[in-house]
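Encoded as structure tokens, the structure appears first; notes follow it.
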Amino acid sequence: QVQLVESGGGSVQAGGSLKLSCVASGYVFSRCKMGWYRQAPGKERELVSMISTFGTTTYADSVKGRFTISHDNAKNTLYLQMDSLKTEDTAVYYCAAERPLLVGLCGNNYWGQGTQVIVSS
């Protein structure tokens, strides 16, 4: 059974930093990607950042230069370092991992429960 457990959320002033962690159990980070999504009040869930085992990373334009995604294979933990936080970063952040369906194929995401990030001015 796959479990994704996020931590590190909280309340911070604009300009501050937070580091989110996602511990994955029952999941092997291999050909399929892992990443972070967020959902702000009144907004649709959006992709924040994604990482592959090839080292390829992607970021939403709104967070480029401020957020950094990484993965520690030894700990099977996904991270999101968030710097220079803005009030518009306020959202519930979700850890996600693509389902490995068959050899060479990836399906819909496994999801964590989410962790709240509140950025105040």
Side-chain angles (χ1 to χ4, degrees):
Q1 183 68 39
V2 173
Q3 287 189 319
L4 305 175
V5 181
E6 303 99 330
S7 62
S11 183
V12 66
Q13 287 188 331
S17 298
L18 285 173
K19 188 173 184 177
L20 306 183
S21 298
C22 171
V23 179
S25 60
Y27 184 85
V28 178
F29 185 37
S30 57
R31 70 183 188 277
C32 300
K33 298 182 288 293
M34 297 184 71
W36 294 92
Y37 288 72
R38 69 185 182 185
Q39 187 164 23
K43 302 290 183 63
E44 295 183 353
R45 186 173 298 188
E46 65 174 343
L47 176 64
V48 176
S49 184
M50 189 74 65
I51 188 169
S52 75
T53 54
F54 299 112
T56 302
T57 58
T58 60
Y59 297 92
D61 288 341
S62 59
V63 307
K64 284 182 178 178
R66 300 188 297 118
F67 291 9
T68 304
I69 190 171
S70 62
H71 186 268
D72 187 327
N73 289 331
K75 297 180 179 180
N76 204 17
T77 300
L78 183 72
Y79 301 98
L80 185 67
Q81 176 66 48
M82 305 185 295
D83 298 318
S84 301
L85 283 162
K86 304 175 180 180
T87 55
E88 50 262 47
D89 295 318
T90 296
V92 176
Y93 284 72
Y94 297 91
C95 178
E98 294 181 332
R99 297 174 182 266
L101 299 176
L102 297 170
V103 175
L105 298 175
C106 302
N108 293 334
N109 291 333
Y110 293 108
W111 294 99
Q113 291 297 116
T115 184
Q116 177 75 62
V117 171
I118 299 175
V119 184
S120 302
S121 62

Legend entry - Any R99 side-chain heavy atom under 4.5 Å of Y110 side chain: yes
Inset, instruction - Look at the side chain of T56 and the backbone N and O of F54, then say whether any donor-acceptor pair between them is shorter than 3.5 Å. - result: no
Inset, instruction - Name all residues meeting the salt bridge (charged side-chain N to carboxylate O under 4.0 Å, His left out) criterion together with E98; count only those two or more places apart in sequence or in a different chain, and write none if there are none. - result: K33
Legend entry - Those residues that, when tested against K43, pass salt bridge (charged side-chain N to carboxylate O under 4.0 Å, His left out) (two or more places apart): none
Legend entry - Flag side-chain contact, heavy atom, 4.5 Å: S25 against V23: no
Legend entry - Q113 atom CD, over 12 foreign heavy atoms within 6.0 Å: no
Inset, instruction - Nearest 0.5 Å please: distance from the CE atom of M50 over to the CG atom of L78. - result: 9.5 Å
Inset, instruction - Indicate the atoms forming the closest heavy-atom contact of S21 with T77, along with that distance. - result: CB-CG2, 4.2 Å
Inset, instruction - Write out all pairs satisfying disulfide (SG to SG under 2.5 Å) with one or both partners inside residues 88-121, taking only residues at least two apart or from two chains. - result: C22-C95, C32-C106
Inset, instruction - Using side-chain hydrogen bond (donor to acceptor under 3.5 Å, both in side chains) as the criterion, list what pairs up with T68, not counting sequence neighbours. - result: none
Inset, instruction - Give a yes or no on whether the backbone of A24 and the side-chain of N76 come within a donor-acceptor separation of less than 3.5 Å. - result: yes
Inset, instruction - Work out which heavy atom in W36 is nearest to a heavy atom in Y79; give both atom names and the distance. - result: NE1-O, 3.3 Å
Inset, instruction - Mind telling me whether F67 and Y93 have parallel, tilted or perpendicular rings, with 30° and 60° as the class edges? - result: tilted
Inset, instruction - Write down the atom of Q116, the atom of V92, and the distance for their closest heavy-atom approach. - result: OE1-CG2, 3.4 Å
Inset, instruction - Indicate the atoms forming the closest heavy-atom contact of N109 with A96, along with that distance. - result: ND2-CB, 3.7 Å
Inset, instruction - For the pair Y59 (side chain) and I69 (backbone), establish whether a donor and an acceptor sit closer than 3.5 Å, ignoring hydrogens and angles. - result: yes
Do any side-chain atoms of residues 83-91 form donor-acceptor pairs under 3.5 angstrom with protein atoms, and if so which ones, sequence neighbours left out?
{"unit_1": "D83", "atom_1": "OD1", "unit_2": "S17", "atom_2": "OG", "d": "2.8"}
{"unit_1": "D83", "atom_1": "OD1", "unit_2": "Q81", "atom_2": "NE2", "d": "2.9"}
{"unit_1": "D89", "atom_1": "OD1", "unit_2": "R38", "atom_2": "NH1", "d": "2.9"}
{"unit_1": "D89", "atom_1": "OD1", "unit_2": "R66", "atom_2": "NH2", "d": "3.1"}
{"unit_1": "D89", "atom_1": "OD2", "unit_2": "R66", "atom_2": "NH1", "d": "2.7"}
{"unit_1": "D89", "atom_1": "OD2", "unit_2": "R66", "atom_2": "NH2", "d": "3.4"}
{"unit_1": "D89", "atom_1": "OD2", "unit_2": "K86", "atom_2": "N", "d": "2.8"}
{"unit_1": "T90", "atom_1": "OG1", "unit_2": "T87", "atom_2": "O", "d": "2.9"}
{"unit_1": "T90", "atom_1": "OG1", "unit_2": "V119", "atom_2": "N", "d": "2.9"}
{"unit_1": "T90", "atom_1": "OG1", "unit_2": "V119", "atom_2": "O", "d": "3.4"}

Legend entry - side-chain contact (heavy atoms from CB on, under 4.5 Å) against N73, all qualifying residues, sequence neighbours excluded: F29, H71
